[in-house]
Amino acid sequence: MNDMIKYQRVLLKLSGESLMGNSSYGISSDVLSRYCSDIVSVNAMGVQLAIVVGGGNIFRGMSGTDKGFDRIKGDNMGMLATVINSLAIQSALENAGVKAKVLTSICMEPIGEYYSSSKAIEYMEAGYAAIIAGGTGNPFFTTDSAAALRGVELKAEALLKGTRVDGVYTADPEKYPEARKYSRLSFDEAYS
Ligand code: UDP
């Protein structure tokens, strides 16, 4: 245990949508390398890191239903999109000299190992970034739910979320410029 660091184990949720940068689709190599350089420095501090990445830059089940896709198939496509992003992050991290493993919530070996919390903890303790792909493995959820679930399972001390918006607002600030940011928000307030 390193007393100099605030959190020994962190679950980092990265938005898939942010990964496309200024494009309307896909993976921006600029954003990917920015994500990686931050992860590299955190890894060098000795923080154990689990990473959950979204898939919104490739496919979201909900938006597919507007185009006539079956919701469950669309959500499965979204979960596969998170695997594509996870492999991109793994590859970039390995290029930067950080050991990383992809663990998938749906069995698809040999693309990634089938996820279990004990395996993820074992890898993190051995200095690997554990990239947990495939969301929760269930349709009708999002990768934010997956991040919360895995964070609890892996006993992470903090769940940190990197996304396009820098906090919680009264409305989506990308659509509503008058939206106000909460400096602090209790669970009860959010619920009501
Ligand atoms: N998804 C799912 N179950 C999960 C996680 C994700 O069905 O447990 C699907 C869902 O269709 C979702 C898509 O995968 O829209 C991509 O994830 P998300 O929207 O959370 O990505 P982000 O907003 O972070 O880019």
Side-chain angles (χ1 to χ4, degrees), residues 10-36 38-39 49-93 100 102-109 111-117 119-120 129-154 156 158-169 171-176 179 181 190:
V10 167
L11 187 303
L12 178 64
K13 160 74 209 299
L14 296 173
S15 145
E17 195 174 17
S18 299
L19 206 48
M20 67 189 172
N22 295 326
S23 315
S24 55
Y25 181 82
I27 300 171
S28 148
S29 49
D30 283 352
V31 178
L32 190 61
S33 53
R34 215 175 324 130
Y35 277 3
C36 284
D38 287 349
I39 295 168
L49 209 54
I51 300 167
V52 168
V53 63
N57 55 324
I58 300 172
F59 201 85
R60 280 210 176 92
M62 276 284 262
S63 44
T65 53
D66 303 339
K67 300 177 189 101
F69 273 93
D70 171 74
R71 173 70 194 266
I72 295 174
K73 287 190 179 63
D75 280 342
N76 287 341
M77 290 167 72
M79 287 188 271
L80 290 173
T82 73
V83 178
I84 295 174
N85 288 337
S86 297
L87 293 171
I89 291 171
Q90 180 189 31
S91 168
L93 284 177
V102 171
L103 301 163
T104 63
S105 304
I106 302 161
C107 188
M108 54 175 84
E109 289 176 350
I111 288 174
E113 275 177 64
Y114 192 27
Y115 167 84
S116 74
S117 55
K119 227 186 278 178
I131 307 168
I132 302 163
T136 61
N138 299 290
F140 301 101
F141 284 93
T142 67
T143 48
D144 280 358
S145 311
L149 171 67
R150 301 311 182 201
V152 172
E153 278 186 69
L154 301 176
L159 192 174
L160 305 177
K161 182 175 162 164
T163 191
R164 287 159 72 95
V165 175
D166 66 346
V168 181
Y169 284 75
D172 180 351
E174 292 193 344
K175 288 191 197 135
Y176 304 95
K181 184 177 166 184

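We count residues from 1, following the sequence as given. Computed over heavy atoms, backbone and side chain alike; hydrogens, waters and symmetry mates excluded. Counting convention: from 1, in listed order, for ligands and their atoms alike.
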Step by step, work out the salt bridge (charged side-chain N to carboxylate O under 4.0 Å, His left out) result for Arg34 and Asp38.
-> CA-CA 6 Å; Arg34 215 175 324 130; Asp38 287 349; over 6 Å; no
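- Scanning the protein heavy atoms around atom 25 (O) of ligand 1, the nearest turns out to be Gly56 N, 2.8 Å.
- Remark: minimum distance from atom 2 (C) of ligand 1 to any protein heavy atom is reached at Phe141 O, 3.1 Å.
- In this structure, Ser15 is part of the shell of residues with a heavy atom less than 4.0 angstrom from ligand 1.
- Contact analysis puts Pro139 in contact with ligand 1, with a non-hydrogen atom separation below 4.0 angstrom.
- For atom 19 (O) of ligand 1, the closest non-hydrogen atom on the protein side is Arg60 NE, 2.9 Å.
- Here the side chains of Leu160 and Lys13 are not in contact, with every heavy-atom distance at 4.5 Å or above.
- Proximity of Met62 to ligand 1 is not established, as no heavy-atom distance is less than 4.0 Å.
- A heavy-atom separation below 4.0 Å is not found between Met77 and ligand 1.
- Looking at Asp144, Asn76, Thr136, Thr65 and measuring to atom 8 (O) of ligand 1, the nearest heavy atom belongs to Thr136.
- The nearest protein atom to atom 10 (C) of ligand 1, hydrogens excluded, is given as Asp75 OD1, 3.3 Å; this is a heavy-atom distance.
- Here's the thing with Gly55: one of its N/O atoms is less than 3.5 angstrom from an N/O atom of ligand 1.
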